[in-house]
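Report on the structure given below.
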Amino acid sequence: MSSLHTISRSSQHELLQACLKIINPGDEILFIEDGVYYCCDKKSLSLISRDNYVYGLREDLVARGLRDKQDALVEVVGYHKFVELTVQHSKTVSWF
Amino acid sequence: MSSLHTISRSSQHELLQACLKIINPGDEILFIEDGVYYCCDKKSLSLISRDNYVYGLREDLVARGLRDKQDALVEVVGYHKFVELTVQHSKTVSWF
Amino acid sequence: MSKKAFTFISRTAPYGSNRPKMSLDAALATAVFEQEVNYLFMDDGVYQLLANQNGEPIQAKTLGNALETLDLYGIDEVCVDYESLQKRNLEAGDLTIPVTLLDATQMRALINQSDFVINL
Amino acid sequence: MSKKAFTFISRTAPYGSNRPKMSLDAALATAVFEQEVNYLFMDDGVYQLLANQNGEPIQAKTLGNALETLDLYGIDEVCVDYESLQKRNLEAGDLTIPVTLLDATQMRALINQSDFVINL
Amino acid sequence: MTAYQFARNLLDQGHDIYRVFFYGDGVFTLNALAVSPQDEINLPQAWHQLIESHEIESIACVSSAISRGIINPREAERHEKDSVSLFESSDIAGLGQLVDAALQSDRLINFG
Amino acid sequence: MTAYQFARNLLDQGHDIYRVFFYGDGVFTLNALAVSPQDEINLPQAWHQLIESHEIESIACVSSAISRGIINPREAERHEKDSVSLFESSDIAGLGQLVDAALQSDRLINFG
């Protein structure tokens, strides 16, 4: 019963903190839309347990001038993988 | 050239912090809409200088169940006074 | 069709936006389908539960009253993130309906056992 | 009619909402009226200035490019809240146009001398 | 809602409104096709009545309005649409009308 | 925009869409009267084409839609409005269609 969590707003909205309160081991996080600013935010990323793998959506990173600036912890993926992730996990929790 | 600052979202949005960065002595703050949650938040209110008088809009306090719960620092006013405040100050800065 | 577990998470204040009402309407519709419905209030969402709300002065429906109907629809698991409540200097006695206070471990378990988790 | 001083404050990230574009359009319209226009980026608004933006993959206009037109409209006071930049581990060299970095005292003076302050 | 209540009180107190300018999502407030539940206020309808009864100049920003499908007969014809959605008490015009209003009025009040 | 790109990719990868349900401000995405600037994507138009070409079932939540003035001929008649604004590729129905979709599908994906 693992979950994919999508986070789509910047850290100003504190969505990651809310998500981390209820995340389970094995769940994964995908940063999309304004959520991709988290991909360059070492301090926020350090709050995420190593049990939770982290992705960032390429299209949104490129649009915002963040491509190649993301932290080493973040795997950059496209929409193809986004779809696959929603299939791999039994449910998707969207934070917006 | 004093200003009236209206703040219309809850502390989750950190509008007060932004407002306090640019507020001048003699400016006043009016909490409206979801901003009225600040009226019961001693910690946030303590950040405001005594040079800046603080109001809360009655209608929004009543709607949210906060009437009579506001801090002693906050003067509760209605729309009549809201209009007067925008006249008394040379400009209104709206934070939303 | 087997019964599924839906959990609705509501994180925003009432009146300032339409989101709390959207979340409530969706939860009630789910209850009508006789599914298991859990409701979790987090962050500013706990403000929706404050007692003595009265939407009349701003010509809005009183959301607190609407939440009292959760019970009538058979939604008895109304949960609140205890930390969100504490952070706002509120306690269970300030709220308009009885709720179950959850810590992080309990919230994780709730999410883990849910078939659907809907943030609105 | 005498010239007035307008200050636009933009506090939100590009693309995720329409607000940065609304603020820019309003500022450009004001400049067309030959008024004094100041532009202040605070909080997430500083993300609008990041270099190397490319809206194409999300089929949006590249906002960074649009900001480069501020200069053409005679808006030369493009200011940034230095603290907001620092908090995001950014520096002036990361930005697509030259800006004036302001501390709180300087921002207060800017707001105080403005006839209109418009948060969009 | 706040802007509407503010405008009503302002008029009651003897002040004048030079212009109301709807920008961004604010243009939805002028949507004549909106229908509210019976026990709730219909904000577009309330604004329309206030604008008509006080003969207030009301403008929807052209770029905000057409991108959101808030159009009058003139814009509907220009863009080959069969329907209109803007209350006839309001007009569609450019951002210059906002700047002009700021310059012509004693106060500019902005609502989010 | 993200939801649209996601839907397109999902179809390209051979998956099926049981239903798209537009709720809250999401119903504006089905506004047939919206006109985008020439150099920007017209998202309502793009959705309409995707829905038509793949024969996807698309529903606008009835309470969200009518309160926001997104109406089809049936709702226009019921509420005595002269215009329609919903793309004819979508229908208007209740929240039950969202719950039904959750129960009938393998996955429910929500976009904000």
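Letters go in sequence order (proteins before strands), and every chain restarts at 1. These figures come from a predicted structure and were not determined experimentally.
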Counterpart residues, side chain to side chain contact (heavy atoms under 4.5 Å, CB included), relative to C:Ala29 (two or more places apart): F:Leu95, F:Val99
Neighbour count >12 (heavy atoms, 6.0 Å) for atom CZ, C:Phe33: yes
Contacting moiety of C:Ile9, where chain A heavy atoms sit under 4.5 Å: side chain
Sequence neighbours excluded, every pair satisfying ring pair (Phe, Tyr, Trp, His ring centres under 6.0 Å) that has a member inside residues 90-120 of chain C: C:Phe6-C:Phe116
Members of residues 57-66 of chain C whose heavy atoms come closer than 4.5 Å to chain A: none
What would the table of donor-acceptor pairs between chain C and chain A look like if you include every N and O pair under 3.5 Å, whether backbone or side chain?
{"unit_1": "C:Arg19", "atom_1": "NH1", "unit_2": "A:Phe96", "atom_2": "O", "d": "3.3"}
{"unit_1": "C:Arg19", "atom_1": "NH2", "unit_2": "A:Phe96", "atom_2": "O", "d": "3.1"}
{"unit_1": "C:Asp81", "atom_1": "OD2", "unit_2": "A:Lys21", "atom_2": "NZ", "d": "2.4"}
{"unit_1": "C:Glu83", "atom_1": "OE1", "unit_2": "A:Lys21", "atom_2": "NZ", "d": "3.1"}
{"unit_1": "C:Arg108", "atom_1": "O", "unit_2": "A:Asn24", "atom_2": "ND2", "d": "3.0"}
{"unit_1": "C:Arg108", "atom_1": "NE", "unit_2": "A:Ile23", "atom_2": "O", "d": "2.7"}
{"unit_1": "C:Arg108", "atom_1": "NH2", "unit_2": "A:Leu20", "atom_2": "O", "d": "2.9"}
{"unit_1": "C:Ile111", "atom_1": "O", "unit_2": "A:Lys91", "atom_2": "NZ", "d": "3.0"}
{"unit_1": "C:Ser114", "atom_1": "O", "unit_2": "A:Lys91", "atom_2": "NZ", "d": "2.9"}
{"unit_1": "C:Asn119", "atom_1": "ND2", "unit_2": "A:Ser94", "atom_2": "O", "d": "3.0"}

